[in-house]
Amino acid sequence: MLSDDLWHKCVESLAAEFPEKEIGTWIRPLRAVVSADQITLLAPNRIVLERVRSDYLPRIQRALSQLAAYDFRIELAVGSGADPVRAAAAPTNGGVPADEEYLPYARGRLDPRYTLQSFIEGKSNSQARAAGLQVASSPGKVYNPLLIYGESGVGKTHLMHGIGNAIQEGRSDARIVYVGAEQWFNQMVSAIRFGRQVEFKNFYRTVDALLIDDIHFLAGKEHSQEEFFHTFNALIDTRKQIVLTCDRYPRELDSLDERLKSRFTWGLSVPIEPPEFETRIAILLAKADGLGIRLPADVAELIAQRIRSNVRELEGALHRLNASARLTGTPITVDFARTCLKDMFASYDRTVSLENIKRTVASYYNIRLSDLSSPRRTRMLARPRQVAMSLAKELTQHSYPEIGQAFGKDHTTVLHACRKIAELRATDERLDEDYENLLRQLTN
C-alpha cells in the first residue's frame, strides 16, 4: 500500500538533483492522489503537465519506485483533485482541450517558504532587500516598477516571492500573480490559439500586483512585448504594483523594445550580486535550519569558502551533503564534507589569480599593466580591459565588485564588459581567437 507522504519524499529527493527554480516551477505545483497501486499527479494546467511528461516523468518514476521498493503506475492529469482532466482527454468544443475551456491561465502561486524575513541580507543584496521592504509596505506607491537584476541563482526569485507574500499578508484580499516570463508567453500563445485574448488581457490588467520572473525572456518577441507594454501601462495607470526580475540591466538587452526599456526605469532598478563569504555562511546555516539539517559551523565555512558562485550552488551542495549523510548514516563533519563534495570543490578550485590574468592580458596586447586600471577609455585599452575582466569572471570565483576593485572600476563596468565580450566572441573571429589563446595560456 502506498503511503500518503510518498510524494513529499519524492519531491525532496528530486530537490537534491534539480535546481530549486525547476522544482518550484514544475514539480511542487503537482498534487498527488495516492491509491493502492497508482499515483495520479495533478497539474494546475496543461503547460505544466506537458513539461512534466516530457522532462521529468522518467526521473519521478525512478524516485517513487526506489522509495516504495516496487513498481506501480503513474498517471498525469490536469485538475485540483475533485474532477481531474486526464492527460489523454479528448478535445471538446472544436478542438479546445477541456482544461483550456475554463482556465488557460495559472493563478499566481507564491511560495510561502520565500519571505522577506528568511531572505539573508548581506552587502551583495542589501539595497534590493531594502527596496523590497518599501514596495511591500506601500505597493503601487513607491518604486513602481521595481526591477531586480543579477545573475542566475543569486536570490532574485526569493526576494520577489518575499515581496508578494508580504503584500498578501498586509492585504489578504489582494490579487497577486506571480508568473515566469516564459509561462506568461505560453499563456498568451494559448489565449490566441483558443480565442481567449480578452480573458487573458482582463486577467493580467486587473491584478493588484504582478510579479514576472526572467523578463529578459521576452527580448526579441515583438508581439509579446507589445502585449506586455499595454499590460504594464494599464497597471501603472491604476497604481498597481509591478515587480520584475532580469538577468541583466534592461538597457543591455538589445532586442527589448525601447518603450519597455524606458518604462522599466520609471521606478527603481536594483542589482543583486553573488553573495560574499559571510553571507554565504549565513545562507547555508539558514537553509540547513529550514531543512532540519544539523550543519556544523566549520562545515558551513568550508562550503562557503570553496563554492562562491551563487545561492543555488550552495543549496545543491547542502542537499547533496545531507543526502549522502542520510544514506550512509554518517554525521556531517569537515572531513566527510571534503570527501562527499570533492568533485564539486574541484570544479571551483581555479588557481588563476586576478594579477596573473592582468599580466597575461597586458603582455598579449603589448600594453602596460597599469593601463588595465587606467581611467582612459581609448579602444586600444578598453577592449583588452574588457577581455581581462571577462577572463577574471570565467576563471576565478571573484564577485563583480571584487573584480571591479582589482581594475579600479565598479561592478556595473565589469558586468557590461562580460556581456560585451560574450557578444563580440559570437561575431568577431579575431577577438574570439585572442580570447581562446589567452584561455589556453592561463589554464595550461
Visitor: Backbone N or O of Lys141 within a donor-acceptor pair of the Ser138 side chain at under 3.5 Å?
Guide: no

Visitor: Between Phe185 and Lys221, is there a cation-pi geometry (under 6.0 Å to ring centre, at most 45° from the normal)?
Guide: yes

Visitor: Ring centroid separation for Tyr56 and Phe18, is it under 6.0 angstrom?
Guide: yes

Visitor: Check whether Lys358 reaches the backbone of Ala388 with its side chain - one donor and one acceptor, N or O, closer than 3.5 Å.
Guide: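 No, because the side chain of Lys358 does not come within donor-acceptor range (under 3.5 Å) of the backbone of Ala388.
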
Visitor: Glu276 and Ser124: side-chain donor and acceptor closer than 3.5 Å?
Guide: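 Yes, Ser124 and Glu276 have a side-chain donor paired with an acceptor closer than 3.5 Å.
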
Visitor: Looking at Ala234, is its backbone amide N or carbonyl O close enough to the side chain of Thr238 to form a donor-acceptor pair, meaning the two atoms are under 3.5 Å apart?
Guide: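 Yes.
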
Visitor: Please tell me if the side chains of His411 and Pro271 come closer than 4.5 Å, counting only heavy atoms from C-beta onward.
Guide: yes

Visitor: Taking Glu258 first and then Lys261, would you say they form a salt bridge - that is, a charged N and a carboxylate O separated by under 4.0 Å?
Guide: yes

Visitor: Is the shortest side-chain heavy-atom distance between Glu75 and Leu41 below 4.5 Å?
Guide: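 Answer no - side chains too far apart.
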
Visitor: Do the side chains of Asp208 and Lys240 get close enough for a salt bridge, i.e. N-O under 4.0 angstrom?
Guide: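 Looking at Asp208 and Lys240, the cut-off is met.
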
Visitor: Would you check if the distance from the ring center of Trp184 to the ring center of Tyr178 is below 6.0 Å?
Guide: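 Trp184 vs Tyr178: aromatic centres not under 6.0 Å.
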
Visitor: Check whether NZ of the Lys or CZ of the Arg Arg129 lies under 6.0 Å from the centre of the six-membered ring of Phe119 and within 45 degrees of that ring's axis.
Guide: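 Ring-cation test returns no.
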
